[in-house]
Amino acid sequence: MSSRTIQVSAFDLVVFGGTGDLAARKLLPAMFQRDRAGQLPDAGRIIGVSRRPLGDEGYLDFVRTSLRDHVKAADLEPEALARFLARIHFLPVDVTGETGWAELAALLASGADHVRAFYFAVSPDLFAPISQRIKQFGLVTPKSRVVVEKPLGKDGESAREVNAAVACVFEESQVFRIDHYLGKETVQNLMALRFANRMFEPLWNSTHIDHIQITVAEDIGVGERGGYYDTSGAVRDMVQNHILQLLCLTAMEPPDAFEADSVRDEKLKVLKALKCINDRNAEHCTVRGQYRSGSVNGQPTPGYLLDISKEESDTETFVAIRAEIANWRWAGVPFFLRTGKRLGGRTSEIVVNFRPISHSIFDHTAGRISQNRLVIRLQPDEGMTLEVMIKDPGPGGMRLRSIPLDMSFAETFGVSNPDAYERLLMDVIRGNQTLFMRHDEVAAAWRWVDPILAAWSNTAQRVHHYAAGTWGPSASVALIERDGRTWLEDSE
Ligand code: NAP
C-alpha cells in the first residue's frame, strides 16, 4: 500500500552547516528519498553553505559519501542519484563575516519566486549572526522560512535570546522549530488514534486511565557528543523537547482542527497545567542517574566518566520524573516520564494503562484480570499494541488471559516508515507548521524544566549510578512502585 505523493512548489533549501553531521546523516538522505518518491519539482535546489573552500565538485563528493553511508544501497539507483546531484550547489560562506554572502544572494536571485528555506544546521550561537546577514543582504522574501534545530537554549533565558535573534528577521509564521519526534509516523498516528476513532476518546481521562508512562531509552552512550552532553544532560537533551512534546500530544484536548495554531494552542495548555516540581518536591518526584560500566547487547561498555574523559561529573544520563497535569481531564493521573543512555534497549514508547474493571463476574478459577493497556511504539518497530482479556481457547472452563492485539506498521503496510526529516522538510517547503513548536510552547516547556534543574542544584540532589545495559537506577523503580505501579518491562 502506498500513499499519494504531491509535489511541493519550486524551492531553494539553503543548509547552513551543509558539511556537518546533521546534513550528512539526515537532511541530504531525507531530500534524496523525497526526490526518489517524485515529490521534488524540477525547480528545487539544495544549497550547502559552510566555511570550507569546497567548489560544487568537492561538495558533490561530500553528498555522494553521505548518501552512500546513510541510504540503503538498493535505493541509490544511478538515475535517481544523478537527478538529485543536479540539484546540489555549494557556497563557501563564513556566516560570522562578509565573504560569500553576495554570491549566495546572486544564486538565490535566480530563483526569486521560489520558496526559500534557510536551515540553521549549525551551533545556536551562530543563529544571530546568520539572521543578521540574511537581513543585511535582503534575502527574506514573502515565501521565506527558517528552520532552527535543537537545542533551543539551555534554559528559559537563553531560549528567549535564541528566539529574539531569529524574530528580529523572521515572522513567527516563518519560523519552523524542529523536533524530529513530531515527524515520526507513530506520533502523528497518536492523533489519528485519538481523534479519528470513536472508541478511545471517551476513555481518555482520569475516570478510565490509571497512569501513563513515556519512555525514551537509548542503548548507546554519549559517543562523540560527550563534551556537549556533559554541559546538557538528559533533562535538557530529551525531556524539555521530545518527551514533553509526546506528553502534550497524549494529554491535549481535541483541537478545533488539525491545523498549526489549533494544535499548538492545545499543547500549550497542557504545558501550562503541569504541576510545578521545585526544591520542595524534586527529591520525591525525580530521580537522576548516571551510567557506570556494564554490558550492552552482550558487549562490555565503559562508564560515563571514561566516555567523557573526566574524573567527576554530576551530569545526569538518566532521569525519571513523576509528573502531574492539574486539569479536569487528568487530575490524579500520574505521568511517569523516563529517558536515559546505555539502558537495556533502544525503545521509545507511550504506555497508557487503563484502570481495573469495576467488578468481576468471574470466580477465582478464571485467573487474574489484567488491566487493559495501550502501548504506542515509536521505535524501533513503529506500531501499537492493545492488550485485552480473552477466554483461553478450548475446554477447561472460563480461564482468562491477556493477549496483545498487535499492529506493526512495517508489517501492515509492507513498507518501512519514512524518516521523520523527510516529512518535516516537506512541511517546511509547504509552509505547514503543525508539527513544529511555537515560541510560547518552547518557553512554557522551559518554565516547567527550569525549577527542576534549579532544585537539583539548590538541594544537591543525588545522582544514582546504574550499570550500563540495565533500566536505570533502582531509585527509578522505587519512584513508580511508591505509587503502586511498575514500569512496563517489570510488569511483563
Ligand atoms: P557539526 O557536524 O559540528 O557541523 C557544523 C556545521 O557548521 C559544519 O558544516 C561547519 O562547517 C558549519 N560551520 C561552523 N562554523 C561556521 C561558520 N562560522 N560559518 C559557516 N559554517 C560554519 O554539527 P551537527 O552535528 O551537524 O549539528 C548542527 C546543529 O544541529 C547543532 O546545533 C546541533 O545541536 C543540531 N542537531 C544535530 C543533530 C545531529 O544528529 N547531528 C541532531 C539534532 C540537532 P565548516 O567547519 O566547514 O564551516
Side-chain angles (χ1 to χ4, degrees), residues 186 189-190 192-194 197-217 246-247 250-251 287 320 322-324 329-338 343-412 469-492:
T186 326
N189 245 315
L190 175 57
L193 182 86
R194 286 193 59 195
N197 292 290
R198 180 92 207 180
M199 57 203 251
F200 290 108
E201 203 46 29
L203 304 179
W204 213 257
N205 54 51
S206 61
T207 310
H208 300 288
I209 291 180
D210 176 76
H211 76 283
I212 292 182
Q213 300 177 16
I214 301 180
T215 296
V216 176
L246 297 181
L247 173 96
T250 308
V287 171
R322 182 189 187 283
E324 277 186 75
R329 185 188 285 259
W330 294 115
V333 178
F335 284 70
F336 294 97
L337 317 177
R338 179 174 63 151
L343 294 181
R346 175 175 169 265
T347 25
S348 296
E349 61 198 5
I350 301 166
V351 185
V352 180
N353 293 275
F354 291 89
R355 288 190 185 281
I357 53 165
S358 16
H359 165 71
S360 174
I361 61 168
F362 304 104
D363 67 23
H364 69 279
T365 57
R368 196 173 76 84
I369 301 183
S370 307
Q371 291 161 236
N372 298 125
R373 187 156 56 189
L374 175 68
V375 181
I376 301 157
R377 290 185 309 273
L378 279 67
Q379 61 188 26
D381 170 28
E382 288 191 58
M384 295 182 193
T385 303
L386 179 62
E387 292 173 18
V388 295
M389 295 302 296
I390 59 151
K391 176 192 169 294
D392 221 352
M398 177 59 82
R399 285 192 320 267
L400 301 171
R401 70 158 151 161
S402 172
I403 57 146
L405 298 179
D406 210 345
M407 188 172 85
S408 151
F409 294 156
E411 273 174 32
T412 308
T470 64
W471 286 92
S474 55
S476 153
V477 176
L479 174 90
I480 194 167
E481 288 191 347
R482 248 196 333 260
D483 263 37
R485 282 102 176 181
T486 44
W487 293 112
L488 177 64
E489 72 277 359
D490 295 328
S491 63
E492 283 168 343

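Nothing here was measured: the structure is a model prediction, and the numbers come from that model.
- In this structure, F354 and L203 have side chains that are in contact, with non-hydrogen atoms separated by less than 4.5 Å.
- Taking the side chain as every heavy atom from C-beta outward, N353 and I209 never approach each other to under 4.5 Å.
- Here the closest heavy-atom approach between residue L400 and residue M389 is recorded as CB-CE, 3.7 Å.
- Between the side chain of W330 and the backbone N or O of A251, at least one donor-acceptor pair lies under 3.5 Å.
- Taking both residues in full, the closest heavy atoms of G472 and L343 are given as N-CD2, 3.6 Å, listed atom of the first, atom of the second, then distance.
- The distance from the OG atom of S370 to the CD1 atom of I403 is 11.5 Å, given to the nearest 0.5 Å.
- Judged purely by atom type and a 3.5 angstrom limit, S360 uses its side chain to pair as donor or acceptor with the backbone of F362.
- Annotation: the span from Q213 atom CD to L488 atom CG amounts to 6.0 Å, rounded to 0.5 Å.
- One finds a salt bridge joining E489 and R338 here, because a Lys/Arg side-chain nitrogen approaches an Asp/Glu carboxylate oxygen to under 4.0 Å.
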### Query
Yes or no on side chain to side chain contact (heavy atoms under 4.5 Å, CB included) for R373 and V351, after CA distance, side-chain angles and deciding distance?
CA-CA 7 Å; R373 187 156 56 189; V351 185; 3.6 Å; yes
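- Looking at heavy atoms from C-beta onward, V352 lies in side-chain contact with W204 at the 4.5 angstrom threshold.
- Considering every non-hydrogen atom in both V287 and A475, the closest pair reads CG2-O, 3.5 Å.
- Contact annotation: the side chain of E324 never approaches that of F335 to less than 4.5 Å [non-hydrogen atoms, C-beta and beyond].
- Contact between N197 and A192 at its shortest, heavy atoms only, is ND2-O, 3.4 Å.
- Taking CD from Q371 and NE2 from H208, the interatomic distance works out to 14.0 Å, rounded to the nearest 0.5 Å.
- D483 contributes atom CG, which lies 4.0 Å from atom CZ of F336 (distance to the nearest 0.5 angstrom).
- Closest approach of G397 to K391, counting heavy atoms only: O-CE, 3.7 Å.
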### Task
For I376 and L374, run side chain to side chain contact (heavy atoms under 4.5 Å, CB included): C-alpha distance rounded to whole Å, both residues' side-chain angles, the deciding distance at 0.1 Å, then the answer.
CA-CA 6 Å; I376 301 157; L374 175 68; 4.1 Å; yes
### Intermediate values then yes/no, side chain to side chain donor-acceptor pair (under 3.5 Å), S476 and W487
CA-CA 9 Å; S476 153; W487 293 112; 3.1 Å; yes
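- Counting heavy atoms from C-beta outward, I369 and I357 have side chains that approach closer than 4.5 Å.
- From L193, atom CG reaches atom CD of E201 across 9.5 Å, with rounding to the nearest 0.5 Å.
- In terms of heavy atoms, R355 sits closest to S206 at NE-O, 2.9 Å.
- A salt bridge does not link R322 with E481: every distance from a Lys NZ or Arg NE/NH1/NH2 to an Asp or Glu carboxylate oxygen is 4.0 Å or more.
- By the 4.5 Å heavy-atom criterion applied to side chains, L190 and T250 are counted as neighbours.
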#### Entry: Derivation of the side chain to side chain contact (heavy atoms under 4.5 Å, CB included) call for I214 and L247
CA-CA 7 Å; I214 301 180; L247 173 96; 4.0 Å; yes
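- Using a 4.5 Å cut-off on side-chain heavy atoms (C-beta onward), P334 and R485 make contact.
- The closest side-chain heavy-atom distance from I212 to I350 is below 4.5 Å.
- Atom-to-atom distance recorded for N189:CG and R194:CZ is 13.5 Å, nearest 0.5 angstrom.
- Between E382 and R377 there is no salt bridge, since none of the side-chain N atoms of the basic residue sits less than 4.0 Å from a carboxylate O of the acidic one.
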